[in-house]
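These notes concern the structure reproduced below.
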Amino acid sequence: MSREQLLAHLKAQRLWQSTDSLLIAVSGGVDSMVLLDLMMQLSDTYHKCGVAYVDHQLREQSKVEKQFVRHVCQRYDIPFFHATWTPTETNVEANARAFRYDFFESLLTTENYDGVLTAHHLNDQAETLVMKLIREGTMFALKSLVATQSFGVGKRLIRPLLTLEKKTLRQYAADYQIEYYEDLSNQDDQYTRNRVRKYLIPQMIDENPQALVHIDRVSQQVALAEQLIQENYNEWARKWIIKTPTSWCIALEGVGQLSKAQAYYFWECLRLDSHSLLTINQKQLAAVQELIRQNKSQWQLTLKDQGIIKRRYDKLWLIANEQVLPIVEHGPLRLIINQSYSLSENELIGIFEPAHLPDWQADYQLRLSAQTEFWLRKRQPGDKIALTPKLSKKVARYLIDAKIPKEARDRAWILENKDKNLLAFLPFVCSYLSISKETDKIHYVLLYKYEK
C-alpha cells in the first residue's frame with residue numbers, strides 16, 4: 001500500500017474527531033513507528049497528539065530505544081511521556097501489559113487526552129485468538145480486538161491498524177525509510193506469543209495466504225453470536241435470577257425449560273456474569289451441573305475463600321462469604337414462665353402470661369394451652385409431631401414435604417412438655433396439643449425472635 005492509500009484507510013475508519021487530543025503508544029518497533037509517521041501525516045484530522053513510551057528493562061537496548069523515540073518526538077515537536085517498569089519474576093507478559101495500560105490511562109487523565117492509539121495489526125489479532133484457543137478452549141474466549149473501545153472514564157482505546165497485515169507495515173517502513181528498532185526479545189522462545197508468532201502463524205499463512213483474514217472473520221462471527229447469546233441470557237436472568245450484593249438465587253424450574261443448547265449457554269453466561277460475586281471456573285461449573293443432574297434436593301459446594309454454591313429444592317444459591325448463624329448445641333432447656341432466653345446472637349425466646357408480655361418484637365407468636373412445664377431442645381431422629389388428633393407425622397418427613405432448607409432445619413427448635421409430647425417445631429409448625437381453643441382463656445403466649 002502507498003502512503004496515500006494507508007492514509008485514506010485510516011481516515012475512512014473515522015476513529016477520532018478533529019477536536020480530539022490523541023496519545024500514541026510508541027515502543028520504537030516497526031509497527032508503532034509506522035503508526036506515528038502516519039499520524040504525523042494526518043495532523044489536520046485531530047487537535048493535538050503526544051507519545052507514550054514504556055521502558056520494560058527487559059533488554060540492554062531499551063535505554064537506546066527510549067532516547068531514539070524521544071528524539072523523534074523532538075523532531076516532530078510533540079510531547080514525549082515515559083515510564084519505567086521493574087520486571088517481575090513471574091507472569092512477565094501480563095504484568096508488563098498491566099503496567100503499560102495503567103500508565104496510558106493515567107496519562108489520558110493527567111494530560112487531558114481523549115484516547116490512546118496502539119499499533120495492533122491483523123497478525124496481532126490472529127496471534128491473540130490462537131493463544132486464547134490454546135489456553136482457554138471456549139468460544140467466548142475467541143473475542144477479536146476491536147478498532148475502538150472504552151478505556152478508563154470517558155476515554156477510548158483506538159487501534160487504527162487492526163485490519164492491516166504486518167508485512168504491509170514492514171513494506172511501508174521500507175518504502176518511506178521509517179527508522180525503527182527490532183525488539184530482540186520477540187525472538188525469545190520462552191514467551192508463548194513469540195512461539196505462536198514465529199512458528200504457528202507462518203505455517204497457517206503457508207497453508208492459505210488468507211488465513212489471517214479468515215481468523216479475523218471467524219472472530220467477528222463469534223462476537224455476533226456472543227451478542228445474540230447474551231441477549232437471550234439477559235432475558236433468562238431477568239426472569240429466573242434474583243440478585244443481591246451478597247447472593248444470587250436461581251430458579252431451577254425455569255432453567256429446566258431450556259433446550260440443551262440454551263441450557264449450555266445459560267450456565268456459561270452465568271459463570272462469566274457471576275464474577276462480580278463469585279469466580280467460578282469450568283471445573284466448578286461442571287461439578288454444579290453434575291449435582292443438578294443427580295437431582296438431589298439439597299447439597300452444598302464450597303468455593304475456597306469466596307463463598308458457597310448450594311441447592312435448596314428448586315432454588316440454586318450463589319452466596320459470597322456466607323455468614324452462618326450460630327447453632328446452639330446445649331441440651332434440653334427448661335423455659336421458665338415470664339423469662340426471656342437468648343439462644344444465639346440472633347435468637348430470643350420466651351413463654352409469657354398475657355399480662356407479662358415483654359417489649360421486644362417477635363417474629364413468631366403462638367397461643368399455648370395450659371401446661372405444667374415447657375422444654376426446648378434440638379430435634380432428634382424419630383421425633384413425631386401430632387398435627388391433628390388422628391394424624392402424626394415424623395418431623396423429618398415434615399421437613400422434606402415442606403421443602404425446608406438444611407440451614408433452617410439446623411436452627412429450628414423442638415418445644416415439648418414434661419411428658420415429652422412435642423408441642424411445636426419452631427418456627428414452622430405447631431402440634432394440636434399446644435393450641436389453646438379460641439373460647440378458652442389464654443394461658444400462655446410463646447414469643448420467638450429469629451433471623452429469617
Side-chain angles (χ1 to χ4, degrees), residues 1-15 25 27 29-35 38 93-94 97 117-151 156-175 182-183 186-189 191-233 261-262 264-265 268-269 272 282:
M1 278 188 174
S2 67
R3 174 174 276 163
E4 289 70 23
Q5 289 174 313
L6 280 178
L7 294 176
H9 174 73
L10 266 62
K11 283 184 178 180
Q13 296 180 78
R14 298 183 178 181
L15 297 176
S27 67
V30 61
D31 309 331
S32 60
M33 292 307 296
V34 167
L35 174 61
L38 291 169
E93 289 179 281
R97 183 185 186 280
L117 278 66
T118 65
H120 290 98
H121 46 74
L122 195 57
N123 294 62
D124 292 322
Q125 180 85 282
E127 291 166 12
T128 299
L129 263 65
V130 169
M131 289 172 64
K132 287 181 176 180
L133 183 62
I134 293 170
R135 288 173 172 174
E136 302 182 42
T138 66
M139 187 186 83
F140 288 167
L142 301 181
K143 294 179 182 178
S144 61
L145 301 174
V146 293
T148 182
Q149 67 185 67
S150 297
F151 185 65
R156 285 171 292 132
L157 176 62
I158 304 169
R159 303 180 180 98
L161 308 181
L162 203 52
T163 58
L164 302 175
E165 291 190 44
K166 176 85 171 187
K167 64 181 182 181
T168 301
L169 304 182
R170 283 196 176 280
Q171 188 60 52
Y172 180 92
D175 291 345
E182 286 285 0
D183 184 348
N186 286 339
Q187 304 303 314
D188 191 340
D189 284 359
Y191 300 121
T192 302
R193 182 175 290 274
N194 288 353
R195 295 194 298 272
V196 170
R197 178 184 297 132
K198 289 173 60 178
Y199 306 117
L200 293 184
I201 297 298
Q203 288 183 32
M204 296 169 74
I205 294 174
D206 286 345
E207 288 293 329
N208 186 346
Q210 293 298 305
L212 300 186
V213 175
H214 291 171
I215 291 174
D216 183 52
R217 185 181 303 159
V218 169
S219 179
Q220 293 178 34
Q221 293 169 354
V222 167
L224 291 173
E226 182 182 2
Q227 181 179 338
L228 179 61
I229 291 167
Q230 189 65 47
E231 289 170 357
N232 280 277
Y233 169 76
Q262 290 172 325
Y264 174 85
Y265 285 111
E268 183 62 14
C269 287
L272 299 174
Q282 292 283 353

*Output yes when Glu182 and Arg170 qualify as a salt bridge under the 4.0 Å nitrogen-oxygen rule, no when they do not.*
yes
*Sort out for me which residue in Gln125, Gln210, Met204, Gln220 forms a side chain to side chain contact (heavy atoms under 4.5 Å, CB included) with Ile215.*
Met204
*Provide the closest heavy-atom pair for Ala25 versus Ser32 in the form atom of the first, atom of the second, distance.*
O-CB, 3.6 Å
*Closest non-hydrogen atom pair between Thr128 and Leu145, with its separation*: OG1-CD1, 4.4 Å
*From CZ (Arg193) to CD1 (Ile201), nearest 0.5 Å*: 9.5 Å
_Closest non-hydrogen atom pair between Ala147 and Leu15, with its separation_ = CB-CD2, 4.0 Å
*asked:* Checking Met131 against Glu136 for the side chain to side chain contact (heavy atoms under 4.5 Å, CB included) test, could you report, in this order, the C-alpha distance in whole Å, the side-chain angles of both residues, the deciding distance, and whether it holds?
replied: CA-CA 8 Å; Met131 289 172 64; Glu136 302 182 42; over 6 Å; no
*Could you state the interatomic distance from OH (Tyr172) to CG (Asp31), rounded to the nearest 0.5 Å?*
13.5 Å
*Is there side-chain contact between Ile134 and Thr192, with at least one heavy-atom pair below 4.5 Å?*
no
*Test Leu122 against every option in Asp216, Leu162, Leu164 by the side chain to side chain contact (heavy atoms under 4.5 Å, CB included) rule and name the one that passes.*
Asp216
*Nearest-0.5 Å distance that lies between atom CZ in Arg159 and atom CD in Gln149*: 4.5 Å
*Nearest heavy-atom pair of Val34 and Ala173: which atoms, and what distance?*
CG2-CB, 4.0 Å
*Which pair of heavy atoms, one from Met139 and one from Val222, lies closest together, and at what distance?*
O-CG1, 3.4 Å
*Side-chain contact, heavy-atom cut-off 4.5 Å: Gln227 with Glu231?*
yes
*asked:* Could you measure the distance from the CD1 atom of Ile205 to the CD atom of Glu165? Nearest 0.5 Å is fine.
replied: 6.0 Å
*Can you establish whether the number of heavy atoms outside Arg3 located under 6.0 Å from its atom CZ is more than 12?*
yes
*Mind checking the CG-CG spacing from Leu161 to Asn123? Nearest 0.5 Å is all I need.*
11.5 Å
_I'd like to know whether Thr163 forms a side chain to side chain donor-acceptor pair (under 3.5 Å) with His9, so could you lay out the CA-CA distance, the side-chain angles of the two residues, the decisive distance to 0.1 Å, and finally the verdict._
CA-CA 10 Å; Thr163 58; His9 174 73; 3.0 Å; yes
*Taking C-beta and beyond as the side chain, do Tyr265 and Asn232 meet within less than 4.5 Å on heavy atoms?*
no
*Hey, which of Arg195, Lys132, Lys166, Arg197 is the one that makes salt bridge (charged side-chain N to carboxylate O under 4.0 Å, His left out) with Glu127?*
Arg197
*Measure the NE2-CG distance between His214 and Asn208 for me, rounded to the nearest 0.5 Å.*
5.5 Å
